[in-house]
2 protein chains.
Amino acid sequence: MATLKKIGEELGLSVATVSRALNGFPEVKETTRNRVREAADRLGYRPNRVAQRLVTGRSGMVGMIVKIKPDMSADQTFFEMLTGLTAALSERETDLVLAVDQAEDPVLPYQRMLERDVLDGFILNAPVPDDPRVSFLQERGIPFVLHGQDRACPNYPTFGIDNFSVSTDSVRLLAQLGHRRIALINGEVSAAFAHDRLAAFEAAMEDFGLNKDLIRTGASLESHGYSQALDLLSAATPPTAIICASTVIAAGAMRAIRDRGLSVPGDVSVMAHDDALPQTRAINFEPALTVTRAPMRDACAPLAHMLVDHLNGTPAHELQVTLKADLIIRGSTGPAPKPEISDGPR
Amino acid sequence: MATLKKIGEELGLSVATVSRALNGFPEVKETTRNRVREAADRLGYRPNRVAQRLVTGRSGMVGMIVKIKPDMSADQTFFEMLTGLTAALSERETDLVLAVDQAEDPVLPYQRMLERDVLDGFILNAPVPDDPRVSFLQERGIPFVLHGQDRACPNYPTFGIDNFSVSTDSVRLLAQLGHRRIALINGEVSAAFAHDRLAAFEAAMEDFGLNKDLIRTGASLESHGYSQALDLLSAATPPTAIICASTVIAAGAMRAIRDRGLSVPGDVSVMAHDDALPQTRAINFEPALTVTRAPMRDACAPLAHMLVDHLNGTPAHELQVTLKADLIIRGSTGPAPKPEISDGPR
DNA sequence: AGGCAAATTTAAAACGTTTTGAATAGTGTT
DNA sequence: AACACTATTCAAAACGTTTTAAATTTGCCT
């Protein structure tokens, strides 16, 4: 293995100069820098990361803890995230150390990982409102970046989408199409994103003077979408439009609508939020699904770079990105069916 | 952070003694060792892994590359493996660095990972016959452990199951039950395990003087099991027993048998090899599935420990384990139906 | 008490890098 | 030719550990 010393001996230079030459310090003469670069290339020099880390006090590793479900499966997006994160982190000379969490206590695996290891920081995902992991890591001063959002004005880096606008845009679109009875089939409200979308849905419905009583919550499963939609449609005043928290739920909802002998969008408009799950593509729906869209995979690179930037000293308040979701109108939404007499407020 | 130096100053000892005391060297006096241990506990000492690695020349990280399918999903067992591996590796103070492989060239991701990083070794899984990754890593002297088997007499650590006995045991069981027409619905023969099971199936059938022409190969999918079984059963001389490469395939095969109006095991016996996939449990079949069994999860700890042992100098030939699969007889296998006239060799 | 071996401890080197403070080389001015 | 800069390079310390070789202490025997 070529080392700085070897390059120095080769050229009659000190290690200090060689180090600075390669790291782009301004005080080294250009001709020297070129000689050093040439020698480094020729000898196949690669900096010893372990030595770098010893002196800089950093480990070059960040942690992420995957929560798995009892059936040992994980989120559909997990591999996409993993791919994107490792790729982006490797650009910054950073490794991703993974652990799997089966514990009840959400902070325990983080605690264990900190004890065992020299991790520079964490990537946190799938936050719940007032996430205990956030306070845990903040108390100990461990840097992290949160995927999603938890508090309104956090003092830590976050990257997420504006879940309020997801609901607001959806409601506005449907209201403008003349829908009055708009249902929401939400995800688990224990998740922060669902919590925010619910609050925004209620607020938007109120803004438009609409009843906000058609709300269902549960897991992001096809079967949940199916059963909840079926239930909504069999009520005395069924919805004419359904907003689904995910394309998976939308798939179930559309199946329920068809089973009731109704059509999309003739009788019921359907839309969803689209995280771009590889298995359930909104474009492949029949008719193609109208969505608010913010692909999970777009979050990988920003998350990685924000965390490394934060480790390098960029203050948290410069590292807070909230993306607005795109609104993509396709065939699954249309004008509300002709209003019935009993529709309006009495 | 407490360091060796700090503990030494606290007790009036040199760092060398403190180091040796904590690492269990025999030449340090017991009373001293206890004083050091007490001080280390009291000060919350944790060895700086980066410093340890600098001096030992090891990084304390091993790599594993996950191959994902185009739909961004991975093997069903992946999370189970991940859980088991990280747990076992952490016992040996080793981290698992994960990368995701989407490349065509199987060695490219390994090359990239080696360039970028200071990895001590690799865990290789899902080998193909004459796996190019094996020769690649061997050429460069990178230690690794292979999950599964590739060659008959490898000179590297391996942990796998005896796929020959999987087929032999299955064929013997069915032959002893009087079956003459035994089919094999195999996995992709590109995988080493399927290749071995096929070879052993053919050999075993020959040993029993049976025709070995009822062989199908393909992906480990329910739909593959279904279509292949359906096809086999509609032949002129359908099988009376089907050996499936996995429980997933068996699920499809059993569905096909029922769709043909046949019963298990009355008309057709079904058995499979069981890697203990969490989603498809042999015990939950109706009737419960007879299997050769070797849970994937049992491989995690051995793989981890074998790799670390190998890194610590244990020679490869002491690190080669081939487990025999258990044969678990349940309700899906039974005596062959009454033989027809045309059965025997003419 | 003196001597010798064994038991225990120590100082120092090593790993490869970054960084501090000092030294040298180069340039232009008087 | 001496001076004052600035530009460039260097030696050495530091990070925290392991390990080698040497030094010290201890115990035992005469």
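Note that these values count all heavy atoms, side chains included, but never hydrogens, waters or copies made by symmetry. Proteins get letters first, then strands, A, B, ... in listed order; numbering begins at 1 in each.
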Worksheet item: Can we say A:Arg35 and A:Glu38 salt-bridge, meaning some charged N sits less than 4.0 Å from an Asp/Glu carboxylate O?
Response: no
Fill in: B:Thr86 versus A:Leu98, closest heavy-atom pair with distance
CG2-O, 3.5 Å
Worksheet item: Atom CZ of B:Arg46 to atom P of D:dC15: distance rounded to whole Å?
Response: 21 Å
Practice prompt. Tell me, with the steps shown, if B:Asn155 and B:Gln138 meet side chain to side chain contact (heavy atoms under 4.5 Å, CB included).
Written response: CA-CA 9 Å; B:Asn155 53 344; B:Gln138 286 205 299; 3.0 Å; yes
Worksheet entry | 5' precedence on DNA chain D between A:Leu13 and A:Leu54 (nearest-nucleotide basis) | A:Leu13
Discussion item. Using whole Å, what does the distance between atom C1' of nucleotide D:dC15 and atom CZ of B:Arg49 come to?
Written reply: 17 Å
Worksheet, complete the sentence: Between CD of A:Glu9 and P of C:dT17 the distance, given in whole Å, is 12 Å
Worksheet item: Atom CG of A:Asn48 to atom C1' of D:dC15: distance rounded to whole Å?
Response: 13 Å
Worksheet entry | Minimum-distance pair of heavy atoms, taken over all atoms of A:Met296 and A:Met81 | O-SD, 4.0 Å
Worksheet item: Rounding to a whole Å, what distance do you find between A:Leu4:CG and C:dT19:P?
Response: 12 Å
Discussion item. Under 3.5 Å, is there a donor on one side chain and an acceptor on the other for A:Asp162 and A:Thr322?
Written reply: no
Practice prompt. List the steps, then state whether ring-ring contact (aromatic ring centres under 6.0 Å, His included) holds for B:Phe136 with B:Tyr110.
Written response: CA-CA 9 Å; B:Phe136 174 80; B:Tyr110 291 84; 7.3 Å; no
Discussion item. Rounding to an integer number of Å, can you tell me how far B:Arg53 CZ sits from C:dT17 C1'?
Written reply: 17 Å
Worksheet item: With a non-hydrogen cut-off below 4.0 angstrom, is A:Glu27 in contact with a base, only sugar-phosphate, or nothing?
Response: base
Worksheet item: DNA chain C: B:Val15 or B:Thr56, which has the more 5' nearest nucleotide?
Response: B:Val15
Practice prompt. Examine D:dG16: is either OP1 or OP2 under 4.0 Å from a nitrogen or oxygen in the side chain of B:Gln52? Give yes or no.
Written response: no
Worksheet, complete the sentence: Expected list for residues 29-45 of chain B near DNA chain C, using heavy atoms below 4.0 Å, is B:Lys29, B:Thr32
Worksheet item: Can you find a pair of side-chain heavy atoms, one from A:His305 and one from A:Glu91, that are under 4.5 Å apart?
Response: yes
Fill in: A:Lys6 NZ - C:dA14 C1' separation (whole Å)
14 Å
Discussion item. Just to be sure I understand the geometry, which residues of residues 17-26 of chain A put a non-hydrogen atom under 4.0 Å away from DNA chain D?
Written reply: A:Thr17, A:Arg20
Worksheet item: Is there side-chain contact between A:Leu108 and A:Gln111, with heavy atoms separated by less than 4.5 Å?
Response: yes
Item to complete: Quick one: pull up CG in B:Leu303 and CG in B:Leu89 and give me the separation to the nearest 0.5 Å.
Response: 9.0 Å
Response to the item:
Of the listed C:dA11, D:dG16, C:dG16, the closest approach to the B:Ala16 side chain comes from C:dA11
Worksheet entry | d(CG, B:Leu11; P, C:dT9) in whole Å | 11 Å
Worksheet item: Which part of the nucleic acid does B:Gly12 contact within heavy-atom distance under 4.0 Å: base, sugar-phosphate only, or nothing?
Response: sugar-phosphate
